[in-house]
2 protein chains.
Amino acid sequence: MTNITEIAKKANVSRTTVSRVLNNHPYVKPEKRDAVLKAMKELNYVPNFNAINLSRGKTNVFGVIVPKINHPFFSKLIAGIGEECNKHNYSLLVHQSNNDPEQEMEFFNRLKYKLIDGLILGSCISPHHVLDEISEFGNIVSCEASASKQVAHIFINHESGIKMAIDHLRNQGHQSIGLCIGNPKSGVGISRKKSFFHFRNEYGLKWSDNWYFEEQYTIENGIEIAKLLLNKSPRPAAMVVGSDYVAAGIIYEAKRQGIRIPEELAVIGFDNQPISKVIELSTIHQPIKELGQTAANLLYNLMNNKDVPNINKLNLKLIKRKST
Amino acid sequence: MTNITEIAKKANVSRTTVSRVLNNHPYVKPEKRDAVLKAMKELNYVPNFNAINLSRGKTNVFGVIVPKINHPFFSKLIAGIGEECNKHNYSLLVHQSNNDPEQEMEFFNRLKYKLIDGLILGSCISPHHVLDEISEFGNIVSCEASASKQVAHIFINHESGIKMAIDHLRNQGHQSIGLCIGNPKSGVGISRKKSFFHFRNEYGLKWSDNWYFEEQYTIENGIEIAKLLLNKSPRPAAMVVGSDYVAAGIIYEAKRQGIRIPEELAVIGFDNQPISKVIELSTIHQPIKELGQTAANLLYNLMNNKDVPNINKLNLKLIKRKST
DNA sequence: CTGAAAGCGCTAACAC
DNA sequence: GTGTTAGCGCTTTCAG
C-alpha cells in the first residue's frame, strides 16, 4: 500500500507538499504539483480515510436511526436523507433499532466513538437525558417533536394532520370517530394521540375505548382491527388510521364482510402511500421525502456552524378519495 | 478528550496494558485491570474508532448500494442486511445510486479508501472489469447474477420465477402473454427478459413487440401501460409484470375502463408486496429479506476467511390470487 | 512557496 | 504479566 511518504520520495518533495496537492491547497509550484500527481499515478496511490479522519477529527459520515428500514415511511425518509448526503458528499450509516433502547445506545455510541459526525433520529424512544448527554459528542437532528433542547427538530405537524382528518370527517357528517396509531411511545404516536383526544373533547365527539388501537403497522393488523371493530356495537362511523397500510387492511376486511365504504364505515389514512391511490383511500399526505432532505441539510448546516432554526414544522395536505 | 495515554498515567501502567484491558486480552493482573477500569471511569474515557480502524486496518462497516432506497424490494433487502449487521456488530453504510455509474464509483471508492470493509451490491450496472478491479480492495457480494468471478453471488432464481409465471398462465389457458420489467440493464432485468423470451420461444407463445415494456417501476407507470395496451389490438390475454406496483396500476386502469380481470386480462406480479394481497393480485413471492440476510452473512464469512460457496440461489413461490 | 516536526489515538511485535 | 518502541497514514502549525 503506497502512502504519501512514498509519493514524496518519488516526487522529491516533502510529505507536506504531497498533502497540499491532495487537498488542493494554493501555493504549490506547478512543477512540483505535476511531479506529485505523476508519482501518485505511477504508484497507484489511494488515500486512506481512516488516517484522514483520525487526523482531522471528523469522518464526513452521517448516521440515521429508524425502528424499521422496511417501512414505507422510513425508507422514504432515508431516501430523502441519502439524496442530500450524496450532494454534500457525506456517507450515510443506517441503523435499525426495532425500538430497542439497547440498539439505540449502540447507535449513539457510533457518534461517541467518532465513527459518525452527526445523527439524524428518524424515530427514537430514548429519554431526553440520554439525548442531552449524547449531543455533547456531535450534532443531532430529530425528525420528531421531542422535549430535548439540545437537538434540532424538523417534523411534521401531526396536530394539524389529525385536525385535518377529523374536520374532514365531521364535514361528512360523522360524530363517532375511532383512532388507530402505531407506536404510542414515539414522537409521532404521542402527538397524534394527544391531539386526537384534544379535538375529540373540543368537538364533543362520541367515544368508546373499543375504538382505539395502537401498535398497528401492517395490512394484517388492519384486518384484525376490522374483525374486532365490526362485530361490536356501538361501531364508530369513521376511523382515523395512522398508516395507509393498516387502513387498507381495515377496508379489505370490511368489504369482505359486505360493509359499504364509506357509507357504513369511513376510513382515512396517513401518508398517501401508493397503495392508497389504488384502493381509493382518502389520506393525509405527508412530505416525507422533504422531511428527510430538510433533516440532512439541517444537520449539514449545523456541522458547518451555520445559523439554523432549532424547530421546524412541515405541513400536510388532505387527499380526498372515495373511502370518506 | 482523554486518551489511553492519560489512562495509563492515571493508572500507573503502560499504554499497552490499557490497550490490553480494552481488548479483553488475557494476561493482565486483576489489580492492574481494575486500576485501568477505574481510571477510565473517572476520566470518562471514550475510545476513538478512527484510531482503532487506522491501526487495525479495518472498520467493521459494510456498505450496500441500491438504485433507490425507497423501493419496496430494496428497502426490504436493506432491512435484511441491517439485521445481520446488528447481530455481528457491524455498521451499515447505505448508498443510493439512481443507477448512475458515477455514483456507483463514488461508492466503490469508499471501499478503496478503507471506509468500509466489504461491499454488498443490491443492484449495480457497472461492468465486470470495474468490479474486478474494486474487488482487490475488499470482499464483494452481489445480490444479482453477474459475470464477474471475483465477487460472490447470492441471488434469486429469476429464471425459475419467470417460468413459474408463464407455466401458471398457460395452465389457465393463455397463449398470448406480454412482459413488463424494470431496469433492463440490471441483473434482474437481464435474466427476466432473457428467460421470458426463452420460454416464449420454447412454448411457441404468440407475441407482439407492443406487449413489451421496460423501465417501469410505479403504479403510475402501470396506468400508462394499461392505457397503451388496452386500446391496441391484438391485445395480450395476460401480462407478466416484474413489479406488484406496476401490476396494481395496470389492474387499476383496466378496471376503470371496465375490463374484467382476469377474464379479459390476467395479470401476475412479482414480490408479494402487501399491496398484492389487498387487490387480490397473483404474484411470485421472492424471499427478499432472506436474500439480504444471506448476503450479509456471506460477506461476514468471507471477511473471516470462512469457506463459502461462490454462487447461491434462492427459490420462489407462486401465490395464486384472483387476478389470474 | 516549502519542509521539519509534532501530533491524531490506538495496536502489536518484541524483549524482559 | 508488563513495558518499550515502532508503526498505522495523514494534517497542520511554524519557521524559513
Side-chain angles (χ1 to χ4, degrees), chain A residues 1-40 43-61 109-117 137-138, chain B residues 1-40 43-61 109-117 137-138:
Chain A
M1 201 92 299
T2 79
N3 55 22
I4 55 166
T5 307
E6 287 187 40
I7 306 290
K9 261 187 218 149
K10 181 133 189 163
N12 260 316
V13 298
S14 70
R15 297 168 17 157
T16 312
T17 300
V18 176
S19 173
R20 281 202 258 267
V21 172
L22 240 27
N23 293 286
N24 281 315
H25 276 259
Y27 308 133
V28 182
K29 236 191 212 155
E31 301 95 75
K32 297 221 174 194
R33 154 166 282 117
D34 291 344
V36 169
L37 258 21
K38 182 156 162 272
M40 296 203 307
L43 295 179
N44 246 316
Y45 173 72
V46 173
N48 181 320
F49 266 72
N50 287 316
I52 297 176
N53 293 343
L54 173 59
S55 190
R56 286 216 251 254
K58 58 188 273 279
T59 60
N60 276 41
V61 179
N109 281 340
R110 306 280 201 279
L111 184 68
K112 286 176 83 165
Y113 298 164
K114 295 188 171 302
L115 230 46
I116 45 191
D117 292 343
F137 297 91
Chain B
M1 202 91 298
T2 80
N3 53 24
I4 56 167
T5 306
E6 288 187 39
I7 305 289
K9 261 187 217 148
K10 180 130 191 165
N12 261 317
V13 298
S14 72
R15 298 168 19 160
T16 311
T17 301
V18 177
S19 173
R20 282 202 258 267
V21 173
L22 240 26
N23 294 286
N24 281 316
H25 276 258
Y27 308 135
V28 182
K29 235 189 210 154
E31 303 94 75
K32 298 223 171 193
R33 154 166 281 116
D34 290 344
V36 168
L37 259 19
K38 180 155 164 273
M40 295 203 306
L43 296 178
N44 244 316
Y45 173 72
V46 173
N48 180 321
F49 267 71
N50 287 316
I52 298 176
N53 292 342
L54 173 60
S55 190
R56 286 217 250 255
K58 57 186 280 266
T59 60
N60 276 41
V61 179
N109 281 339
R110 306 278 200 278
L111 183 68
K112 286 176 83 165
Y113 298 165
K114 294 188 172 300
L115 230 44
I116 46 190
D117 293 344
F137 296 90

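In what follows, chains carry the letters A, B, and so on, assigned in the order in which the sequence lines appear, proteins first and then strands, with residues in each chain numbered from 1. The basis for the numbers below is simple: all heavy atoms, side chains too, and nothing from hydrogens, waters or symmetry mates.
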In whole angstroms, the gap separating P of dG7(D) from CD1 of I4(B) amounts to 17 Å
Separation of dG3(C) atom P from I7(A) atom CD1, nearest Å, is 15 Å
Q) What nucleic acid atoms does L54(B) come within less than 4.0 Å of, heavy atoms only: base, sugar-phosphate, or nothing? A) base
Taking dC10(C), dG3(C), dC8(C) as options, the one with an atom nearest any side-chain atom of S14(A) is dG3(C)
Margin query: By the 4.0 Å heavy-atom rule, please label N53(B) as base, sugar-phosphate, or nothing.
Written below: nothing
The reported gap from CZ in R110(B) to CD1 in I116(B) (rounded to nearest 0.5 angstrom) is 7.5 Å
*For V18(A), report the nucleic acid contact type (base, sugar-phosphate, nothing); a contact means any heavy atom under 4.0 Å.*
nothing
Whole-Å distance, M40(B) CE to dG9(C) C1', equals 15 Å
Closest of dT2(C), dG3(D), dG9(D) to the N3(A) side chain is dG9(D)
In this structure, NZ of K10(B) is separated from CD1 of I7(B) (nearest 0.5 Å) by 8.5 Å
From the candidates dG3(D), dT11(D), dC10(C), the one with an atom nearest any side-chain atom of T17(B) is dG3(D)
Of dT11(D), dG9(C), dG1(D), the nucleotide closest to the side chain of Y27(B) is dG1(D)
Separation of dC8(C) atom P from I52(B) atom CD1, nearest Å, is 16 Å
Tightest non-hydrogen contact, residues T2(A) and L43(A), listed as CG2-O, 3.3 Å
Whole-Å distance, R56(B) CZ to dG9(D) C1', equals 17 Å
Quiz item: Is N48(B) near enough to dC8(C) that one of its side-chain N or O atoms lies under 4.0 angstrom from OP1 or OP2?
Solution: no
Checking dC10(C), dT12(D), dT2(C) against the side chain of K29(A) (C-beta onward), the nearest is dT2(C)
Assign each of R15(B) and K114(B) the nucleotide of DNA chain D bearing its closest heavy atom; nearer the 5' end lies the nucleotide of R15(B)
Between CZ of F49(B) and P of dG9(D) the distance, given in whole Å, is 20 Å
Among dT2(D), dT4(D), dT11(D), the one nearest any side-chain atom of T16(B) is dT4(D)
message = If you define the side chain from C-beta out and look only at heavy atoms, does anything of L115(B) sit under 4.5 Å from T59(A)?
response = no
Separation of dT12(D) atom P from L22(A) atom CG, nearest Å, is 12 Å
Quick note, K32(A) side chain, CB onward, closest among dT2(C), dC10(D), dT2(D) is dT2(C)
Quiz prompt | I52(B) and Y113(A): CA distance, side-chain angles, deciding distance, side-chain contact (heavy atoms from CB on, under 4.5 Å) verdict | solution = CA-CA 10 Å; I52(B) 298 176; Y113(A) 298 164; over 6 Å; no
Taken to the nearest whole Å, NZ/K58(A) to C1'/dT12(D) is 16 Å
Would the base of dG3(C) count as contacting R20(A) through its side chain, where contact means a donor and an acceptor less than 3.5 Å apart? yes
Please classify the nucleic acid contact of P26(A) as base, sugar-phosphate, or nothing, using heavy-atom distances under 4.0 Å. nothing
Between the NE2 atom in H25(A) and the CZ atom in R33(A), the distance rounded to the nearest 0.5 Å is 10.0 Å
### Short side-chain N/O contact to dG9(C) OP1/OP2 from N50(B), under 4.0 Å
no
